[in-house]
S.K.: 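One structure, pasted below without further comment.
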There are 2 protein chains.
Amino acid sequence: MHGEIITIGNELVNGRTLDLNAWYAAGRLAACGLTVTRITTVGDHPERAVSLLREALAHSRFVIVTGGLGSTEDDVTSEIVAEALGRPLCRDEEMFELIRGYVTRRGREMTPSLEKMAWVPEGSRMINPRGSACGFSMVENEVLLYFLPGVPDQMRYLMDRFVLPEILEREETLPVMRQRVLKLYGPSEPELAELLKGLSACEAEGAMLGFYPHFPENHITISVRGKDEPSVMGLLGRTEREIRRIMGSCVFASGNDSMEDVVGRGLKEKGLTLATAESCTGGRIGDRITDAAGSSSYFPGGVVAYSNEVKKAFLGVSEKTLQTHGAVSDATAREMARGVKERFGAGIGLSVTGIAGPGGGSRQKPVGTVHIGLASDDVTLSGKYRFWGGRGQVKAQTAMMALDWVRRMLYGYPFLPGV
Amino acid sequence: MHGEIITIGNELVNGRTLDLNAWYAAGRLAACGLTVTRITTVGDHPERAVSLLREALAHSRFVIVTGGLGSTEDDVTSEIVAEALGRPLCRDEEMFELIRGYVTRRGREMTPSLEKMAWVPEGSRMINPRGSACGFSMVENEVLLYFLPGVPDQMRYLMDRFVLPEILEREETLPVMRQRVLKLYGPSEPELAELLKGLSACEAEGAMLGFYPHFPENHITISVRGKDEPSVMGLLGRTEREIRRIMGSCVFASGNDSMEDVVGRGLKEKGLTLATAESCTGGRIGDRITDAAGSSSYFPGGVVAYSNEVKKAFLGVSEKTLQTHGAVSDATAREMARGVKERFGAGIGLSVTGIAGPGGGSRQKPVGTVHIGLASDDVTLSGKYRFWGGRGQVKAQTAMMALDWVRRMLYGYPFLPGV
């Protein structure tokens, strides 16, 4: 079953925005065994989009269009569809009420430009909205047409929740389709190559694999289609077990779980609390920990110790350690972790100190040098890593590795090797 | 001068690879004032690619094709071009020697599949190679055609070094193109849509406006093309002034500056330091402040005070305040800001306390209720907001609003209205 993806937006054809929507849709469709023959991007230019849509209708069984559904004058998708299919625009009352409710809850006024979003081509069906941007769908000459907002979160949600199941449902053979996402952190390239080899048997049986880098994580989707639930779930389970066998503790989560969710669950299970002492990450670790709902039960807080003065006054790092070893050292990381554990009365103290760049590097301690410290009732540990990339990438890798240390300590896995 | 970009590769239509080449080419062309009307991606499927190329020839002045130039069987671009343009393949001797030299220097043998790379459509011109993958170009019916390798480094190098200069050289009219980005925080999308109507005069003069939501910010690009620098800069300046006149202090930055860059510059100019006391954001404000390189000169650090115990012990919030007003209150926000300012010896103390959700809300203090506090040598201020959305959105809006408070205090602008 062949289909097309069309993305609309001036910001895409002028290169201001990277088209993550087309990439996401293409990957998800492929993971379900569906073939995308073409991805086309045009600006907010009605004539071009109209002829493109007509062409897609003539060649495809499904067409996914993203972008142009907002409330500004640039957002012309509804008009394009109306023109291309000869369907007049009508106000969808359900959509209108949804937008009005949404706007009212935010204490704002309904405006003509917001109302415009509820005007959709005749015969459209609203698909489950999230926020103020709704998507809609229709069937034209047996072609399934989906119009999704360009906001990536909304687009992904609607894609996974509504579009994929509906397209798959129309297929008559192999009606059962199950997917699983496994999240990995840490494997080296040779390890990933090894993984691919080890999975060839599962692929031969019909498991479809998708690989998605989500810096600094790697996600693998396993998709299996088949005639019945037991055979599908069997192959899905075998493939997952095979991945876990090869990758071991590098598989940190599955499904919608994030690293911070896994860490939070581990802390709750063990009845432990965690306090953070962050230097180069500036607060990102605490930010991530508190992305998990309910984190207040195991996270009292932490200290952002960007300056040496704060490291001394609030964490008890000694002047001598800073003088002898420097702020970016195992010794400082250990004193920070121990200090925050004790002062916050937490079960675990976690610390990071490093050089995020672009300045501050030296020959001995180049940009990307990071020390992680971890203190529990029993031990105080530290390790040194060298991360690559710019300031943002160093911060992201540092926060991820620090959380992974907590996970590995909680579950008894060895830490990833440093330098 | 309008053109198209075509990218070829199965890895692109199945979502395994993100199409950074099309994005890069589109951005570079736009920055030079050239318009890309369409970006199309197809798999390694000769028939589809041939018809696509023929179509592009009929509508464009230039076409940039990337991918499919390697040595594997999938790499079919040369054959596609030969077929689409009716030009037989011939061996380009210069290219052949280059590949042979490259291969020999690496101690490898020349193979038929490597030789295949030197077989290009008649009338092609090799463009400066790098590594073993060469690009080639040709002119067909006055349309400039460029075929570039899919390897991003090679593609970018050839694009900047050869393709762009050649395309620009052919242009004769409106050679000057300037762009400016303005970043806004505060107005909603519909408010912006209404306000942008006020810019119709500038648009009539030829200013091109683009509107890009970057939650929770909004970005506007102004693009002007013209015959000479003074007239282009004149219209660009008038349009920017008009936007600033309408939007006032909601315009917080231009160009590549972020909110944290603007805040950092303001602190440096005034010789002030900033310390943070974060509850519901969990460290995100510190994380953002330290995204700015050099932030250590004005940011000593802060306290992530997620629990009430930490608010008391590390910030000096009184038990009585917590009992009387609760942790999410103006009084607590003020004590947190004052406390962190004093204990960190900072010029400004910034605090946030709120309910990020999904739990913890009540009728009086629903999810999204946030208090911001700001303490300077002279005053201690606080304000209450109600943000919408899920946990992540509440945290993002809280961090942004808190940074905006610092900016507004530094520059003497009124704070955005709360509830």
Side-chain angles (χ1 to χ4, degrees), chain A residues 10-19 23-24 26-28 30 36-43 45 48 70-74 105-106 108 111 113-114 210-211 276 278 281-287 289-291 293-294 296 299-307 309-310 344 358-359 391-392, chain B residues 12-16 18-20 23-30 36-43 45 48 188-190 192-194 210-212 221 276 278 281-287 289-291 293-294 296 299-307 309-310 314 344 357-359 388 391-392:
Chain A
N10 287 334
E11 73 280 11
L12 301 172
V13 286
N14 69 20
R16 241 185 97 70
T17 298
L18 182 58
D19 193 354
W23 170 71
Y24 185 81
R28 299 292 291 125
V36 172
T37 56
R38 189 161 78 155
I39 301 168
T40 314
T41 306
V42 289
H45 186 292
R48 285 189 196 117
S71 62
T72 72
E73 283 177 26
D74 288 348
R105 278 195 304 281
R106 290 171 64 183
R108 299 199 194 263
T111 63
S113 59
L114 277 169
F211 289 82
T276 50
E278 304 187 52
T281 44
R284 186 169 300 188
I285 299 172
D287 180 28
I289 290 169
T290 59
D291 278 346
S296 58
F299 181 64
V303 174
V304 180
Y306 218 56
S307 74
E309 293 313 307
V310 174
F344 279 66
R391 193 172 175 85
Chain B
L12 300 171
V13 285
N14 68 19
R16 286 211 179 186
L18 182 58
D19 193 356
L20 294 169
W23 170 70
Y24 185 80
R28 298 293 292 127
L29 291 162
V36 172
T37 56
R38 189 162 78 156
I39 301 169
T40 315
T41 306
V42 288
H45 186 291
R48 284 189 197 116
S188 67
E189 193 176 325
L192 267 173
E194 299 287 325
F211 169 83
Y212 309 95
T221 59
T276 51
E278 304 186 51
T281 45
R284 186 169 299 190
I285 299 172
D287 181 27
I289 290 169
T290 60
D291 278 346
S296 57
F299 181 64
V303 174
V304 180
Y306 218 56
S307 74
E309 292 314 306
V310 174
F314 288 83
F344 279 65
W388 57 273
R391 192 171 176 85

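So you know, we letter chains A, B, ... as the sequences are listed, proteins then strands, and number each from 1.
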S.K.: What are the two closest non-hydrogen atoms of Gly283(B) and Asp287(A), and how far apart are they?
M.R.: C-CB, 4.1 Å
S.K.: Please list, chain by chain and in numerical order, all residues satisfying salt bridge (Lys or Arg N to Asp or Glu O under 4.0 Å) with Asp19(A), sequence neighbours excluded.
M.R.: none
S.K.: Can you tell me which portion of Ala305(B) sits under 4.5 Å from chain A's heavy atoms? Options are side chain, backbone, both or neither.
M.R.: backbone
S.K.: Report the option among Ser296(A), Pro358(A), Gly302(A), Gly286(A) that has the most heavy-atom pairs separated by less than 4.5 Å from atoms of chain B.
M.R.: Gly302(A)
S.K.: If you count heavy-atom pairs within less than 4.5 Å of chain A, which of Pro300(B), Gly27(B), Ala293(B), Ala30(B) leads?
M.R.: Pro300(B)
S.K.: Given a strict heavy-atom distance threshold of 4.5 Å, which part of Leu12(B) is in contact with chain A: side chain, backbone, both, or neither?
M.R.: backbone
S.K.: Check each atom of Val310(B) against the heavy atoms of chain A and say whether the ones under 4.5 Å are side chain, backbone, both or neither.
M.R.: side chain
S.K.: Side chain from CB out, backbone as N, CA, C, O: work out which of these in Thr281(B) comes under 4.5 Å of a heavy atom of chain A, or both, or neither.
M.R.: backbone
S.K.: Heavy-atom pairs under 4.5 Å with chain B are the metric here; pick the option from Arg16(A), His45(A), Glu309(A), Arg105(A) that has the most.
M.R.: Arg16(A)
S.K.: Which of the residues Gly301(B), Gly359(B), Gly357(B) is involved in the greatest number of heavy-atom pairs with chain A at under 4.5 angstrom?
M.R.: Gly301(B)
S.K.: Identify the two heavy atoms, one from Arg391(B) and one from Thr290(A), that lie closest to each other, and give their separation to 0.1 Å.
M.R.: NH2-O, 2.7 Å
S.K.: What residue, out of Val42(A), Asn10(A), Asp291(A), has the most heavy-atom pairs lying under 4.5 Å from chain B?
M.R.: Asp291(A)
S.K.: Which atoms of Glu11(A) come close to chain B, meaning under 4.5 Å heavy atom to heavy atom: side chain ones, backbone ones, both, or neither?
M.R.: both
S.K.: Against chain A, label Arg38(B) side chain, backbone, both or neither, depending on which of its atoms sit under 4.5 Å from a heavy atom there.
M.R.: both
S.K.: Of all the heavy-atom pairs spanning Val13(A) and Ala26(B), show the shortest one and how long it is.
M.R.: O-CB, 3.4 Å
S.K.: At a 4.5 Å cut-off on heavy atoms, which part of Leu18(B) comes close to chain A: side chain, backbone, both, or neither?
M.R.: both
S.K.: Main chain of Gly15(A), side chain of Arg28(B): is a donor-acceptor contact present, judged purely on distance under 3.5 Å?
M.R.: no
S.K.: Does Glu278(A) use its side chain to pair, donor to acceptor, with the backbone of Ile285(A) at less than 3.5 Å?
M.R.: yes
S.K.: Give, as side chain, backbone, both or neither, the part of Thr276(B) having an atom under 4.5 angstrom from any heavy atom of chain A.
M.R.: neither
S.K.: Could you tell me which residues satisfy side-chain hydrogen bond (donor to acceptor under 3.5 Å, both in side chains) with Thr40(A), sequence neighbours excluded, listed by chain and number?
M.R.: none
S.K.: Should the ring pair Phe344(A) and Phe314(B) be called parallel, tilted or perpendicular, given that the plane angle runs from 0 to 90° and is split at 30 and 60?
M.R.: parallel
S.K.: Do you know which of Leu29(B), Val36(B), Ile289(B) has the most heavy-atom pairs with chain A at a distance under 4.5 angstrom?
M.R.: Val36(B)
S.K.: Check each atom of Arg284(B) against the heavy atoms of chain A and say whether the ones under 4.5 Å are side chain, backbone, both or neither.
M.R.: both
